[in-house]
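Take a look at the structure set out below.
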Protein chains: 2
Amino acid sequence: MNHSTIRKAFESHLRGRNLKLTPQRGRILDRVFATHDHFSAETLYGWLKQDTGANISRATVYRTLSLLEEGGFLESLDAGQGERLYEHVLGHRHHDHLICIDCERIEEFYDERIEKLQELAAESRGWTLTHHNLRLFGRCKVCQRKHQSEESNS
Amino acid sequence: MNHSTIRKAFESHLRGRNLKLTPQRGRILDRVFATHDHFSAETLYGWLKQDTGANISRATVYRTLSLLEEGGFLESLDAGQGERLYEHVLGHRHHDHLICIDCERIEEFYDERIEKLQELAAESRGWTLTHHNLRLFGRCKVCQRKHQSEESNS
DNA sequence: ATAAGTGCAAAGAGTTTGCATGTTC
DNA sequence: GAACATGCAAACTCTTTGCACTTAT
């Protein structure tokens, strides 16, 4: 799915709600799909500020993030650091997150078997799932090494 | 593990940090272990207000919740409704959560196989886990029925 | 002209903190 | 009386909202 397809999809999502693809919304869409990292509203606001002289207000950033999330273009994630993190969805199949408690690095992973077992767990209790969210907290490869050498030094 | 054992454990956790088990901290500890529900700081504050005339300030409630969480007496959970929810740990083995998107009901579940697969997923990527957090969002039995009959009526 | 969009600044929610006062050993 | 605790209110962070002004059709 290329960029102009995404743009059209967003436009059509907006049109369905009698909203328009304004320049601000367009720029936000572009910026959001230009990164494959996780970002916060504030980070995005900063990027947009740098990208061109013209400013987009925080209010518009937040409002557009909500629109994008509703439309399924973005997913949000609370990594436990106060601010909500976003990542774009299209071209990214569903995945879960490993979050490093030392360096805050976020790594994505996907395990089909875990997905299935989640469905089963819900079903067997009479629930129907709409979505889920799995976060594994620990130390990444790098921080683990650092942590171990600190331990042995002390 | 009975209540006085928990009290002693908390006292010893506090002593280890040169802190004291004050009346306020004691009452908070008691109240927190008197419920098996999930609760927010504000809810706890309200309970304490009702329990006796004497007031415990929000500041103390928040500060004590942090102490209890650090000590592993409480775990916290973001159910995506703005406020952080807490639940006591001792006597509760680890579990994950089903969260109803309609009525906000929270149900606990545990699946050994999911736990194992999480460990494996982390290990195989070179991570070491400290903890994790799995939230399944969907509709509980009751809300599912409601939702379906609404759908068919429209 | 009408409906929607924007930016600003103010409001909100939840939580944390500075500080004067109290308590405890 | 030194160190820690508390309560209060103010501060803080992130996010949402009200409103006057602007834009597009």
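Each chain gets a letter, A, B and so on, in the order the sequences are listed, and its residues count up from 1.
Rounding to whole angstrom units, CD of residue A/Glu83 and C1' of C/dG14 are separated by 16 Å. Distance CG (A/Asn55) to C1' (C/dC8): 11 Å, rounded to an integer number of Å. The nearest whole Å value for the distance from the CG atom in B/Leu67 to the C1' atom in C/dT16 is 14 Å. With rounding to whole Å, B/Arg84 atom CZ is found 8 Å from C/dT15 atom P. Going from atom CG of A/Leu19 over to atom C1' of C/dT6 covers 14 Å, rounded to whole Å. As a whole-Å value, the separation of B/Glu11 CD from C/dC25 C1' is 14 Å. Spacing between atom CG of B/Leu21 and atom C1' of D/dA5 amounts to 12 Å, rounded to whole angstrom units. As a whole-Å value, the separation of B/Asn18 CG from C/dC25 P is 14 Å.
The aromatic rings of A/Phe39 and A/Trp47 are tilted relative to each other, their planes meeting at an angle between 30° and 60°.
Proximity of A/Gln24 to the phosphate of C/dG7: a side-chain N or O atom is located under 4.0 Å from OP1 or OP2. Contact between the side-chain N/O atoms of B/Thr60 and the OP1/OP2 oxygens of D/dG7 is found at a separation under 4.0 Å. At the phosphate of D/dT6, OP1 or OP2 sits under 4.0 Å from a side-chain N or O atom of B/Thr22.
Clustering of Ile, Leu, Val, Met, Phe, Trp and Tyr side chains at separations under 4.5 Å leaves A/Val89 isolated, with no partner residue. Under a 4.5 Å side-chain heavy-atom criterion applied to ILVMFWY residues, the cluster that includes B/Tyr110 comprises that residue alone.
Ion pairing between B/Lys116 and B/Glu112 holds under the 4.0 Å rule for side-chain N and carboxylate O.
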(request) Just do the side-chain hydrogen bond (donor to acceptor under 3.5 Å, both in side chains) check on B/His88 and B/His38 with the steps written out, would you? (result) CA-CA 8 Å; B/His88 67 247; B/His38 302 81; over 6 Å; no
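In this structure, B/His132 has its ring center no closer than 6.0 Å to that of A/His97.
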(request) For each nucleotide in nucleotides 16-25 of chain D, reading 5' to 3', give B when a protein heavy atom comes within less than 4.0 Å of its base, S when such contact involves only the sugar-phosphate, and - otherwise. (result) BBB-------
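By the side-chain contact (heavy atoms from CB on, under 4.5 Å) test, A/Ala34 is found to be paired with A/Arg31, residues two or more places apart in sequence or in another chain being considered. Checked against side-chain hydrogen bond (donor to acceptor under 3.5 Å, both in side chains), B/Glu107 has the following partners two or more places apart in sequence or in another chain: A/Trp127, B/Arg105.
Applying a 4.0 Å cut-off to non-hydrogen atoms, none of the residues of residues 31-47 of chain A approaches DNA chain C.
Out of D/dG7, C/dG7, D/dA5, the shortest distance to the side chain of B/Ile56 is found at D/dG7.
Closest approach of B/Leu77 and B/Arg135 over heavy atoms only: CD1-CD, 3.9 Å.
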